[in-house]
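Single-structure report; data block below.
Letters A, B, ... are given to chains in the order of the sequence lines, protein chains preceding strands, and every chain is numbered from 1.
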2 protein chains.
Amino acid sequence: MRRSLSSRERLIEAARHLFAGAGFDATSVRAITARAHANLGAVTYHFGSKQALYHTVIERFALPLADRLAAIAAEPAPPLERLASVVRGFLDHIWSHPEMPRLIARELASDRPLPSPIAHVIRRNAEAISRIVAEGQRDGSIRPGPPQLFAMSVAGQPLFLALAGRAIREATGKDPADPAARSLITEHVVANVRAGLANAAPAPVAETAP
Amino acid sequence: MRRSLSSRERLIEAARHLFAGAGFDATSVRAITARAHANLGAVTYHFGSKQALYHTVIERFALPLADRLAAIAAEPAPPLERLASVVRGFLDHIWSHPEMPRLIARELASDRPLPSPIAHVIRRNAEAISRIVAEGQRDGSIRPGPPQLFAMSVAGQPLFLALAGRAIREATGKDPADPAARSLITEHVVANVRAGLANAAPAPVAETAP
DNA sequence: TAGCAGTTCATACGTTTGTATGATATGATA
DNA sequence: TATCATATCATACAAACGTATGAACTGCTA
């Protein structure tokens, strides 16, 4: 844990790592402060509670991701190309925030209400992707079906593949920390999403505007 | 909690529900025994420890799933059909064991070594699916690419869609507990996997044996 | 130098945790 | 009825937990 960072930042960094690895409940305030080289009271002082620190950790990755994907969704490219960009952006964001899929997975698995930043990012991304899919269905480039389910598949594949990094390492011998393996995985998911959504029949020519 | 079941079975049932909803660490032995209408000492008596009860819960769904998918994989059908059957079997198993994806997601997210029944079922399924994919690539019905990554996508989509049931309910208004919604989701995943793996070009005729 | 806000520190408190213990109850067998 | 393994029960215990408290330290401003 870098001593150069402020105590508050060190706490966030330590908490992110420990929450992702062991979950909220199995991570003690004592473990966090020890890893951050901070005093036991530091969490209460800087954040008020362990819960509040947890929410801070989540906001750190959730808000930028929502913004990033919204920007991609607004690009002036064909729907399938934009969806490929969404997948690339998603995975790129995950590679630089490896804790994200683990924290999200735990929250999705949980009975507790979703922390609001997570609920927010899921809602925004699902809507943005659904809109792209619907647009592609209108112009015939994407096959028919419920856009919301397509959206779950588009977002779910990057999330799950990252989450299963461990299993992938065992099954393929490739370490997802290695850039070559990362781009292999990225290209796989992009190709899979593209092939999964594309209209098999050559897209019928959309009626030209009068 | 049905009183008709043996105390041991009631403990497993209660534990499965609570572990899935709150995770291992946030579930207390007291909560389990209260839900099972059993005495506090019952977990120690019947299983030896909370950990051992957890492992019992996991084995209950992991072993049957591995057997089931292995049977499907051995069927004498074309590779793409067998993969569709794998997806259906996977989802069918999940619908009757809704706790499964939640428990698996938590384990995949965790730093701890995978409990052996989970590691076992992952390994067996990944191998079985990879073999089908490789076979399909040989006969030209499945597009080229690393079979292990295809396997992760095939298994990951049912798992993730089930895990995201909550988000799906919010986004689509459909409750995955409803059979109609279930078959909608099942058919979506089947179609998605099929389209994602199929060779876009018409399969080249395999050389006939001499 | 005095004062003060911001931060760090050691320590204490009341809960909750998983497990151990020994007494009691139950139901089949002798 | 006596015996015995199996099961249930109420308690006890030490450890770990999140948080609160008040003293000590820090660096800046008056």
In sequence, state the C-alpha distance, the side-chain angles, and the governing distance for E187(B) and R88(B), and then conclude on salt bridge (charged side-chain N to carboxylate O under 4.0 Å, His left out). CA-CA 8 Å; E187(B) 292 318 309; R88(B) 283 186 218 277; 2.6 Å; yes
Can you identify which nucleotide, out of dG18(D), dT8(C), dA12(C), has its nearest atom closest to the L40(A) side chain? dA12(C)
I want to verify a distance call: between dG18(C), dT8(D), dC9(C), whose nearest atom is closest to the S7(B) side chain? dT8(D)
Figure out the NE2/P separation between H46(B) and dA7(D), and round it to whole Å. 6 Å
Distance-only, no hydrogens or angles: does the S110(B) side chain make a donor-acceptor pair with backbone N or O of R106(B) under 3.5 Å? no
L11(A) CG - dG18(D) P separation (whole Å): 14 Å
Can you tell me how far the CZ atom of F61(A) sits from the CD1 atom of I104(A), to the nearest 0.5 Å? 5.0 Å
When you measure from the side chain of R82(A) to the backbone N and O of A73(A), does any donor-acceptor pair fall under 3.5 Å? yes
Could you walk me through whether E81(B) and R194(B) pass salt bridge (charged side-chain N to carboxylate O under 4.0 Å, His left out), step by step? CA-CA 8 Å; E81(B) 297 308 313; R194(B) 212 191 273 270; 2.8 Å; yes
Interatomic distance, D25(B) CG vs dC17(D) P [rounded to whole Å]: 11 Å
Length of the OH-P vector between Y45(B) and dT6(D), whole Å: 7 Å
Considering every strand shown, what is the Watson-Crick or G-U wobble mate of dT8(D) when both distances are under 3.5 Å? dA23(C)
Separation of F47(A) atom CZ from dA20(D) atom C1', in whole Å? 18 Å
On DNA chain D, more 5' by nearest nucleotide between R30(B) and T27(A) is R30(B)
I32(A) has an atom CD1; how far is it from atom C1' of dA16(D), in whole Å? 15 Å
Can you figure out which of dT17(C), dA20(C), dG6(C) approaches the side chain of T44(B) most closely? dA20(C)
Quick check for you: among dA10(C), dT19(C), dT8(D), whose closest atom lies nearest to any side-chain atom of N39(A)? dA10(C)
Measure CG/L18(B) against P/dT17(C) and give the value in whole Å, please. 12 Å
K50(B) NZ to dT16(C) C1', in whole Å, measures 11 Å
